Asks: 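Here you go, one structure.
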Number of protein chains: 2
Amino acid sequence: MTGSTSTSDKILRCARSLLIQGGYNGFSYADIAKVVGIRNASIHHHFPSKAELVRTLVARYREEAEAGIAQLERQVSDPAAQLASYVGYWERCIADASAPFCVCALMAGEIPALPAEIVTEVRAHFRSLSAWLTSVLERGARQGSLHFAGTAKAEAESFMACVHGAMLSARAYGDPGTFGLITRPLLERLAPRH
Amino acid sequence: MTGSTSTSDKILRCARSLLIQGGYNGFSYADIAKVVGIRNASIHHHFPSKAELVRTLVARYREEAEAGIAQLERQVSDPAAQLASYVGYWERCIADASAPFCVCALMAGEIPALPAEIVTEVRAHFRSLSAWLTSVLERGARQGSLHFAGTAKAEAESFMACVHGAMLSARAYGDPGTFGLITRPLLERLAPRH
DNA sequence: GATCACCTACTAACTAGTAGATAGACCAAC
DNA sequence: GTTGGTCTATCTACTAGTTAGTAGGTGATC
């Protein structure tokens with residue numbers, strides 16, 4: 001309750017942005033302390049261990065993601081527009097470098113080296129994102145606005161993989177535009193504009 | 001030249017498999033030394049720094065990848081079959097857990113935290129893989145065996161992203177089968193067997 | 001006898017995490 | 001309204017272990 005953003009909030013936000021840069025083993029308590037302006041040990045007061053800090057961070061990330069999707073469901077009703085809006089959100093995040101990678105997609109690659117409680121959290125994000133995409137695709141198919149060959153579930157997994165792969169490619173090429181280059185045809189294929 | 005596999009070979013192979021597990025910051029000289037059966041310091045005799053070790057490792061990985069693709073070009077001529085063979089290779093690697101992730105795809109996520117010389121190497125792999133896929137798709141389109149909407153280049157980038165994303169999803173779900181589940185419809189869409 | 005591959009022994013910096021002190025805020029009892 | 005107790009957030013100072021990397025020595029091989 002210390003003003004608008006508490007110290008633990010600052011720690012979480014800072015840790016998230018460091019995590020997005022280089023993964024779980026790519027940052028340390030010292031890095032966080034330097035940015036937030038407290039001492040190394042003070043972080044332990046808020047989060048007893050690094051695993052717990054990152055678990056909390058991912059849990060909060062998932063909450064925000066679910067809230068964002070709930071808002072999207074309220075504001076946009078057309079399934080094709082919902083997919084476009086989801087992709088557009090990431091396109092903007094990558095373009096302005098504010099959060100140029102999905103926390104969970106990044107950590108999915110490091111899973112064999114991650115504490116179990118974090119793996120659970122990452123897996124849950126994949127499941128819930130896939131479930132939402134499946135529901136959007138199902139609705140779109142029923143309405144006749146979205147077109148694909150197999151099941152909605154399979155198409156959802158493919159869609160999610162393509163978006164995550166596009167993040168990887170954008171990073172590999174060092175070019176934010178690559179993300180849109182890959183995802184735009186993906187949307188076009190599902191909802192052809194004539 | 002010490003017998004069939006030299007120590008530096010062993011170090012490279014070991015480092016690769018450790019890298020595939022948890023990324024650049026997910027392993028140390030000590031980890032390699034323990035597996036290979038030499039002392040920590042001996043690794044420096046072969047590779048002066050970690051950055052140099054990993055740079056060499058990626059360069060060799062790229063050589064092997066290019067050799068594999070050259071062999072594929074020799075053995076299989078049909079473009080659709082070439083794509084299927086490429087995906088099949090990864091499906092087997094992931095299923096038997098021998099090398100369940102592309103070294104460059106994994107490190108692409110960590111790029112902001114990677115030494116510059118490694119980033120160059122990773123980027124080069126993305127470019128050469130994309131170039132090969134583009135040539136296969138172009139040939140397939142010319143022959144009429146592969147079908148897609150936009151340019152071959154755009155479709156190649158999308159294909160590559162989807163494959164990399166499928167690796168990520170397989171890891172996230174802890175289920176190797178996920179890779180095939182995502183990539184099979186991808187091949188089916190490009191070359192429908194109706 | 002030079003070179004190679006390895007060794008022991010070491011360093012400086014960094015890792016997450018702990019112990020215990022301090023300073024301020026809140027809240028009661030007197 | 002002052003006193004005393006508790007809670008919270010931070011600090012300094014520390015530990016044990018790990019990190020990449022270095023210096024210099026040894027024994028075998030060409």
Side-chain angles (χ1 to χ4, degrees), chain A residues 1-58 60 107 110 112-119 121, chain B residues 1-58 60 107 110 112-119 121:
Chain A
M1 240 73 99
T2 327
S4 56
T5 49
S6 67
T7 301
S8 74
D9 264 358
K10 282 185 204 156
I11 293 169
L12 283 171
R13 283 184 185 285
C14 173
R16 183 195 288 196
S17 92
L18 288 168
L19 183 68
I20 289 170
Q21 302 264 312
Y24 185 79
N25 288 310
F27 73 99
S28 73
Y29 271 45
D31 297 323
I32 301 169
K34 218 176 293 169
V35 176
V36 174
I38 54 172
R39 292 314 170 103
N40 200 319
S42 304
I43 301 169
H44 286 280
H45 171 72
H46 299 278
F47 306 98
S49 71
K50 190 180 183 182
E52 179 58 22
L53 165 61
V54 175
R55 212 221 81 243
T56 309
L57 179 165
V58 180
R60 178 168 294 196
M107 285 207 287
E110 305 177 304
L114 252 37
E117 63 262 46
I118 298 174
V119 175
E121 217 58 62
Chain B
M1 238 77 98
T2 327
S4 57
T5 49
S6 67
T7 302
S8 75
D9 264 359
K10 282 186 205 157
I11 293 169
L12 284 171
R13 284 185 184 285
C14 173
R16 184 194 288 197
S17 92
L18 288 168
L19 182 68
I20 289 171
Q21 302 264 313
Y24 185 80
N25 289 309
F27 73 99
S28 74
Y29 272 46
D31 297 323
I32 301 170
K34 220 176 292 170
V35 176
V36 174
I38 54 172
R39 292 314 171 102
N40 199 321
S42 304
I43 302 169
H44 286 280
H45 172 69
H46 299 278
F47 306 97
S49 72
K50 189 179 183 184
E52 179 57 23
L53 164 61
V54 174
R55 213 221 81 243
T56 309
L57 179 166
V58 180
R60 178 168 295 196
M107 285 208 287
E110 305 177 304
L114 253 37
E117 62 260 48
I118 297 174
V119 174
E121 228 38 79

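Basis for what follows: all heavy atoms, side chains included, without hydrogens, waters or symmetry-related copies. Keep in mind that what you see is a predicted model, and the values were worked out from it rather than measured.
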Asks: Can you tell me how far C1' of D/dT19 sits from CD1 of B/Ile43, to the nearest Å?
Replies: 12 Å

Asks: Could you please name the option among D/dT22, C/dT18, C/dC7 that lies closest to any side-chain atom of B/Ile38?
Replies: C/dC7

Asks: Any side-chain N or O of A/Ser28 below 4.0 angstrom from OP1/OP2 of C/dT15?
Replies: yes

Asks: Okay, side chain of A/Lys10, backbone of A/Val35: is any donor-acceptor separation there less than 3.5 Å?
Replies: no

Asks: Reckon A/His45 has a side-chain N or O less than 4.0 Å from the OP1 or OP2 of D/dA9?
Replies: yes

Asks: Taking the side chain of A/Ala41 as heavy atoms from C-beta outward, which of C/dC6, C/dA16, D/dA13 is closest to it?
Replies: D/dA13

Asks: Find the distance B/Arg39:CZ to C/dC10:C1' and express it as a whole number of Å.
Replies: 14 Å

Asks: To the nearest Å, how far apart are A/Phe47 CZ and D/dT10 C1'?
Replies: 15 Å

Asks: Between D/dT19 atom C1' and A/Asn25 atom CG, what is the distance in whole Å?
Replies: 12 Å

Asks: CD1 of A/Ile32 versus C1' of C/dG17: gap in Å, rounded?
Replies: 13 Å

Asks: Side chains of A/Cys14 and A/Ile11: closer than 4.5 Å at any heavy-atom pair?
Replies: no

Asks: Check whether any side-chain N or O of A/Tyr29 sits under 4.0 Å from OP1 or OP2 of C/dT15, and answer yes or no.
Replies: no

Asks: What's the separation between atom CG in B/Leu12 and atom CG in B/Leu19, rounded to the nearest 0.5 Å?
Replies: 11.5 Å

Asks: Is any side-chain nitrogen or oxygen of A/Ser42 closer than 4.0 Å to OP1 or OP2 of D/dC11?
Replies: yes

Asks: Please report the distance, rounded to the nearest Å, between CG in B/Asn40 and P in D/dA20.
Replies: 7 Å

Asks: Could you check how far NE2 of A/His46 sits from C1' of D/dA9, rounded to whole Å?
Replies: 6 Å

Asks: Within the pair A/Ser49 and C/dA16, is there a side-chain N or O less than 4.0 Å away from OP1 or OP2?
Replies: no

Asks: C/dC14 C1' sits how many Å from B/Lys50 NZ, rounded?
Replies: 13 Å

Asks: Does B/Val58 reach the side chain of B/Arg16, with side-chain heavy atoms less than 4.5 Å apart?
Replies: no

Asks: Output yes when A/Arg55 and A/Glu121 qualify as a salt bridge under the 4.0 Å nitrogen-oxygen rule, no when they do not.
Replies: yes

